[in-house]
Amino acid sequence: MSCTGDPAGKMEAFKMKNPKFLMNLVPVTIWMLGVLTVGAAAQNPPMAGDPYRARGNPQSPDGKYEWTLITTNPIHYELVNVSNGRTVLTVNSYYPDAISSNIRYAKAYGVFWNKNGTVVALDELNRRRAGHLYFFILRGGTVREIRSENIFPLPSYAEEGRVVVDPDWVSETKIRVRQALKTRSGEFRSKFFTINFENPDDPKIQSAE
Amino acid sequence: MALFLFGCDDQESAESGVSSGSSEPAQVDLAQARRIAGEAEAGAIVPKNDRDASSVGSNDLSVLGGDAAQNQQAFRQRFGLADPTPDQFAQWAEYDARLTAYSNKDADWAYPTAASPNWTEATSANGDPLAIEGTTVAVDFTRIPRGSLIYIPALDMYAEANDTGATGVWANADAGQMDYGANGVGRVDVYNLAGDRSSGQVERNFQSRVGSNEYGQIYVVHRGSGWKNGGI
């Protein structure tokens, strides 16, 4: 950074020399790097590498809950309370028949918890817009399910659509998602949104860049 | 639950146009498809049955791109498939279907793959069975059993139902239409090797080719994959 004679430039130079300012910059930088890294890893479908790799982290930040994949018929996901081993809820895989290709597909799921473990996104592999994105809100021992297709209507020009996490939670309450669309003319479009779960009873959806 | 949805309009102009994926696997697929066709021409793919195999029917499958016509011919030779006779049509189960197209230019899955083993037993770079233009279709496996052999009159094409797609979306979108009616087998999504064409061009070419036959009939020649072992 160059140091100019203008007041703003002096202030920037001061900030960069100030140890306290630099200390504050470290976590921000780490967070930004984390978002960029996760962004590359959480693309659905993955843009590079093995498209069938799992994404995110099945365990909640506090370690109380964990998602597991059950590959017997029907293939399904279970949210388990780690302390007592009880299954809190189950969700069938998009292709539930327990055959090898469907199991391979089901294993490629993504789990994205918010920081305090109150909201989790379960994002199945986006293979030509197959799969579901679910949100689960955990409060007071209860779990509420929100299916993405119920809150993101398919535009009239779209033949097929799917909402995926892209790339992850961008703050403690906001998750960024992408609506992947195949138009009736065969072209592909993506629209980005954030969903704000600050009030879990009233999540807000906004367009995002 | 009260949800406020902003920006979910129907205007294409609101789109960001971002797509994902790589075109690299398409090159792999192209090479694979050409190899298959080459083997067929050289007689390396030997008909599995003693029955006489016919050449490709009168219809041209070049609309499906790449070596679709040659692949269809190799497929017929391998499994002893001939142009259907009136007697065969009478014996086969006829169903309502909707013909749609997909290609290796799909932004949500740029890998030219199929969901279950194909007739060549070749695999793509990611380990998935390879999709082969001229013989591969994606179907709703709850309507047509995985691996079934079908015949599409509008294309004069035999195909192996070994790929699938967003079948939940298909069933919802086409609810009340003939392909998801009582005698319907859902969508039959025909694989295309796009080559230099955009996905939109592939769709337009395909639509021009099938025309009013988008909603029409297909025949399930054999349910399930037993036909590969001479079970037709």
Problem - N-O pairing of B:Asp106 and A:Arg129 below 4.0 Å - result: yes
Practice task
Would you check if the distance from the ring center of A:Tyr52 to the ring center of B:Trp109 is below 6.0 Å?
Solution key: yes
Handout entry: side chain to side chain contact (heavy atoms under 4.5 Å, CB included) assessment of B:Glu203 paired with A:Ser185
Key = CA-CA 7 Å; B:Glu203 292 273 343; A:Ser185 60; over 6 Å; no
Handout entry: Residue among B:Gly165, B:Ser198, B:Ala138, B:Ala173 with most heavy-atom pairs under 4.5 Å to chain A
Key = B:Gly165
Problem - Residue selection (most heavy-atom pairs with chain A, distance under 4.5 Å) from B:Val202, B:Thr142, B:Asp128 - result: B:Asp128
Practice task
Answer yes if the side chains of B:Thr164 and A:Arg128 hold a donor-acceptor pair under 3.5 Å, and no otherwise.
Solution key: no
Completion exercise
Shortest non-hydrogen pair, B:Ala166 vs A:Tyr95, comes out as N-OH, 4.4 Å
Fill in the blank from the handout: For B:Tyr111 and A:Pro51 the tightest heavy-atom approach is CE1-CB, 3.8 Å
Exercise for the section: Could you look at A:Asn199 and say if it's the side chain, the backbone, both or neither that has a heavy atom under 4.5 Å from chain B? Expected result: neither
Exercise for the section: Below 4.5 Å from any heavy atom of chain B, which atoms of A:Arg104 appear? Answer side chain, backbone, both or neither. Expected result: side chain
Would the number of heavy atoms belonging to other residues, nucleotides or ligands and lying under 6.0 Å from [atom1] of [X] be above 12?
| X | atom1 | value |
| --- | --- | --- |
| A:Glu145 | CD | yes |
| A:Glu172 | CD | no |
| B:Asp196 | CG | no |

Quick one: what part of [X] sits under 4.5 Å from any heavy atom of chain A, side chain, backbone, both or neither?
| X | value |
| --- | --- |
| B:Asp174 | neither |
| B:Ser199 | both |
| B:Asn172 | neither |
| B:Thr167 | both |

Problem - Between CZ on residue B:Arg146 and CD1 on residue A:Ile99, distance to nearest 0.5 Å - result: 3.0 Å
Problem - Close side-chain approach of A:Glu159 to B:Val169, heavy-atom, < 4.5 Å - result: no
Handout entry: Flag side-chain contact, heavy atom, 4.5 Å: A:Glu160 against B:Trp170
Key = yes
Problem - Any donor-acceptor N/O pair, A:Ser101 side chain to B:Ser116 backbone, under 3.5 Å - result: no
Exercise for the section: Can you spot which of A:Leu181, A:Asn44, A:Asn126 makes a side chain to side chain contact (heavy atoms under 4.5 Å, CB included) with B:Asp108? Expected result: A:Asn126
